[in-house]
Amino acid sequence: MKEKEITVLANENIMNTYKRFPIVLVKGSGAKVWDIEGREYLDFVAGIAVCNLGHSHPAVVAAVKEQVEKLTHVSNLYYTEPQTMLAGLLVENSFADKVFFCNSGAEANEAAIKLARKYAHEKMGDDKFELITMKDSFHGRTMATITATGQEKFQFGFTPLLAGFSYVPFNDLKALEGAITPKTCGIMLEPIQGEGGVIIPDAQYLAQVREICDRHKILLILDEVQTGIGRTGKLFAYEYSGIKPDIMTLAKALGNGFPVGAMLATDKIAQAFTPGNHASTFGGNLLAMAASYATMKTILDENIMGNCLKTGDYFLSKLKQLQQKHKIIKEVRGRGMMLACSLNIEGADIVNECMQRGLLINCTGGKTLRFVPPLIITATDVDHAIEVIDQVMEGK
Ligand SMILES: Cc1ncc(COP(=O)(O)O)c(C=O)c1O
């Protein structure tokens, strides 16, 4: 099929939930993708912080190929080696003692909300079920996770929402402390807000949130769906703060593009789940586990996070140079390879023009350009991207 045929047919048959760019992507390798007309793009979106090892990474491809030829799916009625191996790797490299596998970030957060409620129900009393989340947060699109998401635009038209959530401004400890009631069982937040515009809290914020949780004997749930798996230069962003959460959620980059989610917890909290409390047909699927294990091993063993920090710092410095030149850039910020430029104009035209010049970037919240490229990009890739953005911003 040709580009036009596909876009027309897709619009005819697929529900209208996404605003898509009019290109049809067919192939990827490393930080590059190609469309059906043969045009090449440098991909600084990476499936929105998903393909941390780049497209079609050989280790992930080999792992999935090997597994698909052996066994694809058996359900959680039985033990499998890939699921056991990945759980072991996640436990070994995090605060957690136990893992629950699912298929997406929203599902991982659903599992976290259910586990927090179940634990609270058993250990804190029936009337402790409320979670405090952050304004401008993003936790997913299911009913519980749009409720947890502190942005009305994602909730509009879907009321009534789930009971038991309240919201405070991110990075505001006074507001957080003030929002705790006798019904509060936990606080749920992203270490760096992603969809909210790559918002980095004060250096001590997470540690102080932990202290508040400890003092009130409530749970700390970290949503590392976007920040996890090396994106910020450490395996998990909480490692920067010197504290540990009680529950953490992962998805996006865990399978480097293979759909997978995980909810991790300490033993003490995890014991609130017993057989029958929670489940997923596809959770822990053999192919997802094989892809995720290969992804995790590569990230841990091949200095991917070293490159993320080094090239991420270089990228940040180059964006700061651009800020000196272009008045439309209000602020440049980020950590590792999770970077952003907030603009004083709408970002859509810039994203479109970059795409026309062979660079894929993303805009969140209308005026924030977000850069979440594969962690394997080189300084040459950064120079190329900066040159394109520079040209596009000229005269804006
Ligand atoms: C922090 C965070 N949590 C949860 C989600 C939802 O993940 P999914 O789209 O896999 O359900 C996202 C997606 O952007 C996210 O950034």
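Counting convention: from 1, in listed order, for ligands and their atoms alike.
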Closer than 4.0 Å: a protein non-hydrogen atom to atom 9 (O) of ligand 1: no

Using distance alone, with no hydrogens and no angle criterion, decide if [X] and [Y] have a side-chain donor and acceptor under 3.5 Å apart.
X	Y	result
Gln226	Arg231	no
Asn52	Asn256	no
Asp43	His55	yes
Thr380	Asp383	no
Glu224	Thr227	yes

Atom NE2 of residue position His278 - does it have more than 12 heavy atoms of other residues, nucleotides or ligands inside 6.0 Å?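 Above 12, so yes.
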
Should you measure from each heavy atom of [X], which atoms of ligand 1 turn up under 4.0 Å away?
X	value
Gln226	16 (O)
Glu190	1 (C)
Phe138	1 (C), 2 (C), 3 (N), 5 (C), 6 (C), 12 (C), 13 (C), 14 (O), 15 (C)
Gly140	6 (C)
Ser104	10 (O), 11 (O)

Hey, looking at atom 13 (C) of ligand 1, which of Lys252, Arg141, Glu195 has the closest heavy atom? Lys252

Sole residue of Thr311, Ile304, Asp313 in side-chain contact (heavy atoms from CB on, under 4.5 Å) with Met337: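 Of the listed residues Thr311, Ile304, Asp313, the side-chain contact (heavy atoms from CB on, under 4.5 Å) partner of Met337 is Thr311.
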
Judging by distance only, is a nitrogen or oxygen of [X] under 3.5 angstrom from one on ligand 1?
X	answer
His139	no
Val225	no
Glu107	no

Write out the residue and atom name of the closest protein heavy atom to [atom], then the distance separating them to 0.1 Å.
atom	answer
atom 3 (N) of ligand 1	Asp223 OD2, 2.7 Å
atom 7 (O) of ligand 1	Gly105 CA, 3.3 Å
atom 11 (O) of ligand 1	Ala106 N, 2.8 Å

Taking 4.0 angstrom as the limit, do Lys118 and Glu122 come out as a salt bridge? yes

What residues form a side chain to side chain contact (heavy atoms under 4.5 Å, CB included) with Lys123, not counting sequence neighbours?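 Once residues adjacent in sequence are excluded, the partners of Lys123 under the side chain to side chain contact (heavy atoms under 4.5 Å, CB included) criterion are Tyr119, Gln271.
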
Note: Asn109, heavy atoms under 4.0 Å from ligand 1, region reported as side chain

